[in-house]
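Comments concern the structure below.
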Amino acid sequence: MLSLNNVEVIYNDVILVLKGMSMEVPQGKIVGLLGSNGAGKSTTLKAISGLLKPENGEVTDGNIQFDGQEIHNRDAADIVRLGIMQVMEGRRVFEHLTVEENLAAGGYTRRDSSNLGRDVEMVYDYFPRLKERRRQTAGYLSGGEQQMLAIGRALMARPKLMMLDEPSLGLAPLLVREIFNIIKRINQEQGATILLVEQNANLTLSVADYAYIMENGRIVLDGYPEDLRQNADVREFYLGLTEVGQRKSYRDVKHYKRRKRWLS
Amino acid sequence: MELFIQLTLTGLTNGAILSLAALGFVLIYKSSDVINFAQGEFLLVGAYITYALIVQFGLAWPLGMALTLAAAVGVGVLVERFVLRPMIGEPIISVIMVTIGLSSLLRAIVSTIWGTLPRSFPAFIPSQPVRILGATVGADRLWAIAIAVIMLGLFTVFFRRSREGIAMRAVADDQQAALSMGISVKKIFAWAWSIAAATAAIAGALVANIVGVSGELSGFGLHVFPVVILGGLDSIPGAIIGGVIIGLLQTYTGGYIGQGLNQVIPFVVLILILMIRPYGLFGQEIIERV
Ligand SMILES: Nc1ncnc2c1ncn2[C@@H]1O[C@H](COP(=O)(O)OP(=O)(O)OP(=O)(O)O)[C@@H](O)[C@H]1O
Ligand SMILES: [Mg+2]
């Protein structure tokens, strides 16, 4: 369904971030993309969803194909219309809009506006907590509720491919598990293909059908979850298990303040 | 008492018109962070186009107003496309300087076409005196209030309910997230400038109908600054309430204290507000929870 072939991405004409990135996301599956901070995971998603341009980034080599069409360097709006929706890192809900208005914004590209009401109910079905807060301003929701809203909002576009950028970021473990279960249900019940970017390797390997590990702008390892779990490097660096069984932990959060450049 | 009612009605008229003019200003600021110093000139251009269509070409006033609206939308789209879009990515201060340039340009165009002498605008809205609670006001003022209230009501519904209205507010909140929903930010900016030009044009036509057309109108337009500073640069309800407060304050000052002072009072308010509440009465505070 989606394939990246040797994709190279450059920011500001000089900063080479993706250095020949290749991966496949087959129809109907959940594919995990793991990697440490700065590996280029978010950049990969932005290259797919057309969000590089506003950050002055560009796919300079290789290609990205979705359902047989080349989509690299196309407008974000076109790509959404093709059926790809990205849930951006850090939730990014519209803070001054209500829950309901956020969902309406997610359905912006839908042509069948008569079905929107039904789909709002579908979202509330997955996230009953959002229904209770439907008229509340999104900025005052808790972090977990905002993440639910971000996923629900993307669901409103009825995407064929949903890309989630670190949905576990900053959430309590129990809530993370709940959200991952819902992602799994969305995949099974809505038939949405899912590309899941994460730092939480353990959970990702528990829901994904296949996973890639990237470092420094390219894929270094890929395989089925059960095979990856056996890999010594994965055990040490991603699952935080050393051979003696100690746990390591690393969790950093970072954000850029970006210049608004998305129109040029 | 009579004087009070008289002043109140006059103040409400001015206030409603100011609110309309301020609405567009707020929209542009909200969606793109640009402070539009040409908002007063939009009012001026709107007034002259209405004048040309209704007085010079003799069209019926509903038709004249409808065409004015269409022309204003056109002006908004052109300004966004050819003046603002090339400035994207430039520091916001340069963009603001460009709007100052735009204001001079629009004023120059108007005075080239219509000259600088004030012209009377044969009232196209019925203006026979109406008695309310003992006071007498022109019907045109009541019409102006009614038209402004209807327009503001329509826009409120537009922002709350319509797909494009919600998209505009989404862009105002987080442009990149809006982009990721497939919302075209360029299109939204064009909408904002068009609505700003259109509401200012209506405001301009309403004032012109009452006081005639002249370059002075952009001076009336200048009052959008105290209005939006008072209401909050990014608040639509703030623009409405700020407009009414400034309008009333002006006529009360003029009626009870003295003419002349009423021209100064809005700017006194502006300075006071900047000192005590710089984000205005209703300005959005940054929501702090990430
Ligand atoms: N707009 C930009 N301009 C310049 N460099 C950028 C930009 N965005 C990202 N980078 C750089 O590209 C590299 C990869 O960033 P990216 O955000 O894709 O990493 P990531 O894998 O998502 O990391 P994290 O897990 O921390 O989110 C980093 O070195 C980062 O500094
Ligand atoms: Mg990232």
Side-chain angles (χ1 to χ4, degrees), chain A residues 45-46 49-51 53-56 75-82 84-88 90-98 100-110 113 116 137-143 146 150 153-154 156-157 159 163 165 170 253 255 258-264, chain B residues 26 30-34 80-81 84-92 94-95 157-192 232 234-238 282-290:
Chain A
L45 293 195
K46 287 177 201 157
S49 61
L51 290 179
K53 216 190 282 178
E55 294 188 15
N56 215 0
D75 265 358
D78 289 349
I79 292 173
V80 171
R81 285 192 171 81
L82 287 176
I84 301 182
M85 201 69 170
Q86 179 181 357
V87 179
M88 292 165 65
R91 310 189 277 268
R92 306 290 283 268
V93 298
F94 300 119
E95 293 187 334
H96 297 96
L97 271 58
T98 63
E100 230 158 31
E101 289 167 341
N102 266 275
L103 296 179
Y108 182 79
T109 52
R110 290 278 294 275
S113 48
L116 286 177
T137 306
Y140 293 115
L141 297 178
S142 77
Q146 288 189 353
R153 181 176 66 176
M156 288 299 293
M163 308 192 294
D165 198 345
V253 182
H255 261 292
R258 274 151 184 146
R259 239 178 100 192
K260 295 182 179 174
R261 279 214 59 106
W262 27 104
L263 295 161
S264 42
Chain B
V26 168
K30 254 177 102 78
S31 55
S32 60
D33 288 345
V34 172
E80 193 279 327
R81 179 67 191 83
L84 275 303
R85 202 176 303 170
M87 296 299 293
I88 282 167
E90 301 296 326
I92 209 76
S94 325
V95 185
V157 174
F158 170 79
F159 292 123
R160 299 249 151 254
R161 298 257 173 272
S162 77
R163 172 173 173 255
E164 300 299 334
I166 290 174
M168 278 186 92
R169 288 165 54 223
V171 168
D173 251 18
D174 187 335
Q175 287 188 12
Q176 212 183 11
L179 214 53
S180 80
M181 310 278 101
I183 297 170
S184 159
V185 176
K186 290 176 211 171
K187 194 169 114 193
I188 294 296
F189 285 1
W191 270 90
D234 54 4
S235 164
I236 292 169
F282 301 92
Q284 263 171 6
E285 290 175 65
I286 311 292
I287 294 182
E288 297 274 6
R289 79 172 315 305
V290 165

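Please read all numbers here as calculations on a predicted model, not as lab measurements.
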Which atoms form the tightest heavy-atom contact between Ala105(A) and Ala170(B), and what is the distance? CB-CB, 4.4 Å
Which of Glu95(A), Arg92(A), Met88(A), His96(A) passes side chain to side chain contact (heavy atoms under 4.5 Å, CB included) with Asp174(B)? Answer is Arg92(A)
Chain B contact via Glu101(A) - which portion, at a heavy-atom distance below 4.5 Å: both
Indicate yes or no: at least one non-hydrogen side-chain atom of Gln176(B) is less than 4.5 angstrom from one of Glu55(A). yes
Distance col, row Arg163(B):CZ vs Thr109(A):OG1, nearest 0.5 angstrom, shows 7.5 Å
Engaged part of Arg161(B) at the chain A interface, taking heavy atoms whose separation is under 4.5 Å: neither
For Ala172(B), is it the side chain, the backbone, both or neither that has a heavy atom under 4.5 Å from a heavy atom of chain A? neither
d(Leu179(B) CG, Asp75(A) CG) to nearest 0.5 Å is 8.0 Å
Straight-line distance of Ser180(B) OG to Arg153(A) CZ, nearest 0.5 Å: 6.0 Å
Exercise: identify the closest heavy-atom pair between Ala167(B) and Tyr108(A): CB-CE1, 3.5 Å
